[in-house]
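All remarks here apply to the structure that follows.
Everything numeric in this text was worked out from a predicted model, so none of it was measured. In this chain, residues are counted from 1 in sequence order.
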Amino acid sequence: GITGISDSFLADLIEKNPPSSPEEEAGLGTSIEDVEPCLENAGLEKPLLANPDDEAAYVAYGDWLREQGDPRGELIKVQHQLITDDDADLWEEEEELLDMHAERLIGPRLALYSGPFKAEWHLGYLRSVSLGLDEDSWDDGLVLNDLLGGLLNHSSAHFLQHLTLGWSPTADDFDEIDYQPVVDLLMDRKPSNTLRSLFVGDCWPEAEISWIRLGDISKLYPTFPKLR
């Protein structure tokens with residue numbers, strides 16, 4: 001099953017973990033070192049990196065994670081059941097897992113981020129993400145590259161298939177949009193066979209074309225050879 005992280009979910013999370021400083025209010029207050037990471041198993045990830053739609057490989061990975069007591073294992077189990085059983089109790093259990101373990105499953109920064117962020121989950125991992133900045137987060141000093149880098153380095157994004165990037169303002173002007181740093185960050189990553197679609201520039205209708213610097217995105221194809 002696939003589900004999104006709703007605005008109400010993020011609002012509830014922030015209410016339960018109120019920020020105590022402007023840095024925390026911007027989503028920067030929780031140290032990554034303070035959050036126990038989800039477990040990883042390179043051998044079990046190998047078939048999923050080759051084919052991120054391999055349902056049996058997710059189930060096998062989930063069994064191993066549950067044996068280790070990792071919450072992602074239970075999330076995989078519940079979301080696998082939801083594929084064939086549209087049960088209200090299962091949906092509630094999924095929501096509780098995402099709520100209770102948000103900082104481990106998406107990282108402390110994104111767990112507290114109140115700007116434009118939408119995620120779709122598939123069998124315990126992020127399948128599709130839309131991420132950008134709004135004026136409030138820009139005023140707080142956040143940079144899209146920092147959020148994106150944290151996301152892509154997180155284990156939940158290991159099998160990410162669809163990525164949409166929204167507003168990426170320069171440091172001096174919110175209405176001046178520059179994607180070159182984002183493109184550079186993506187180019188510097190090791191090649192990934194899982195990403196199928198990349199939408200850079202989800203700013204319409206608010207932005208005009210003259211406000212946007214896109215950069216040379218053709219160099220991304222060697223990094224993401226499965227882009228369609």
Side-chain angles (χ1 to χ4, degrees), residues 1-17 27 30 32 34-131 147 150-164 192-197:
I2 299 175
T3 185
I5 295 182
S6 66
D7 292 340
S8 60
F9 161 70
L10 290 172
D12 289 344
L13 179 63
I14 293 172
E15 183 177 352
K16 293 173 184 175
N17 301 273
T30 304
I32 292 175
D34 295 337
V35 178
E36 182 181 0
C38 288
L39 297 177
E40 301 177 34
N41 184 314
L44 291 171
E45 287 197 2
K46 188 174 181 179
L48 288 166
L49 292 170
N51 177 14
D53 294 317
D54 188 340
E55 186 175 312
Y58 282 106
V59 173
Y61 203 171
D63 289 343
W64 180 82
L65 287 166
R66 286 206 320 280
E67 289 174 1
Q68 315 308 312
D70 192 289
R72 191 192 302 281
E74 192 63 30
L75 181 61
I76 292 173
K77 176 185 176 182
V78 170
Q79 291 187 334
H80 185 246
Q81 291 174 315
L82 281 167
I83 293 176
T84 56
D85 186 0
D86 189 22
D87 181 79
D89 289 339
L90 287 173
W91 286 111
E92 183 176 349
E93 186 176 355
E94 179 198 46
E95 184 177 357
E96 288 176 355
L97 286 167
L98 289 170
D99 189 344
M100 185 181 305
H101 304 289
E103 290 194 349
R104 290 186 69 180
L105 290 169
I106 59 174
R109 178 171 291 187
L110 281 176
L112 289 173
Y113 181 55
S114 59
F117 172 55
K118 294 181 181 179
E120 290 183 350
W121 294 85
H122 176 69
L123 297 175
Y125 289 85
L126 293 167
R127 170 175 276 183
S128 176
V129 167
S130 175
L131 180 64
L147 294 172
L151 168 73
L152 295 178
N153 288 330
H154 197 281
S155 58
S156 287
H158 280 188
F159 318 122
L160 186 67
Q161 295 190 47
H162 310 285
L163 177 61
T164 298
S192 167
N193 287 319
T194 68
L195 197 68
R196 302 294 192 257
S197 67

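The backbone N or O of Gln161 lies less than 3.5 Å from no partner atom in the side chain of Thr194, so there is not a single donor-acceptor pair. The main-chain N or O of His162 is never found under 3.5 Å from a side-chain atom of Ser197 such that the two would form a donor-acceptor pair. With hydrogens and angles disregarded, a donor-acceptor distance shorter than 3.5 Å links the side chain of Gln79 to the backbone of Gly124.
To the nearest 0.5 Å, atom CZ of residue Arg104 and atom CZ of residue Arg72 are 9.0 Å apart. One finds the CG atom of Asp70 at 8.0 Å from the OG atom of Ser155 (value rounded to the nearest 0.5 Å). Between the CG atom in Leu65 and the CD atom in Glu40 there is a gap of 9.5 Å [rounded to 0.5 Å]. Rounded to the nearest 0.5 Å, atoms CD (Gln68) and CG (Asp63) are 11.0 Å apart. Between Thr84 atom OG1 and Leu90 atom CG the span is 9.0 Å, to the nearest 0.5 Å. Atoms CG and OG, on Leu160 and Ser128 in that order, are 7.0 Å from each other to the nearest 0.5 Å.
Of the charged side-chain nitrogens involved, at least one lies within less than 4.0 Å of a carboxylate oxygen, so that Asp53 and Arg127 count as a salt-bridged pair.
The two residues Asp54 and Pro47 have their closest heavy-atom pair at OD2-CB, 4.4 Å. Smallest separation of non-hydrogen atoms from Gly73 and Arg66: C-CG, 3.3 Å. Closest heavy-atom contact between Trp121 and Ile106: CZ2-CG2, 3.4 Å. Residue Leu49 comes nearest to Asn193 through the heavy atom pair O-CB, 3.9 Å, listed as atom of the first residue, atom of the second, then distance. Between Leu131 and Phe117, the shortest heavy-atom contact is CD1-CD1, 3.9 Å. Closest of all the heavy-atom pairs between Leu75 and Leu105 is CD2-CD1, 4.1 Å.
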**Request:** Apply the test side-chain contact (heavy atoms from CB on, under 4.5 Å) to residues Glu55 and Leu123: give CA-CA distance (whole Å), side-chain angles for both, the deciding distance (0.1 Å), then the verdict.
**Result:** CA-CA 8 Å; Glu55 186 175 312; Leu123 297 175; 4.0 Å; yes

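Tyr58 has its ring centre less than 6.0 Å from the ring centre of His122.
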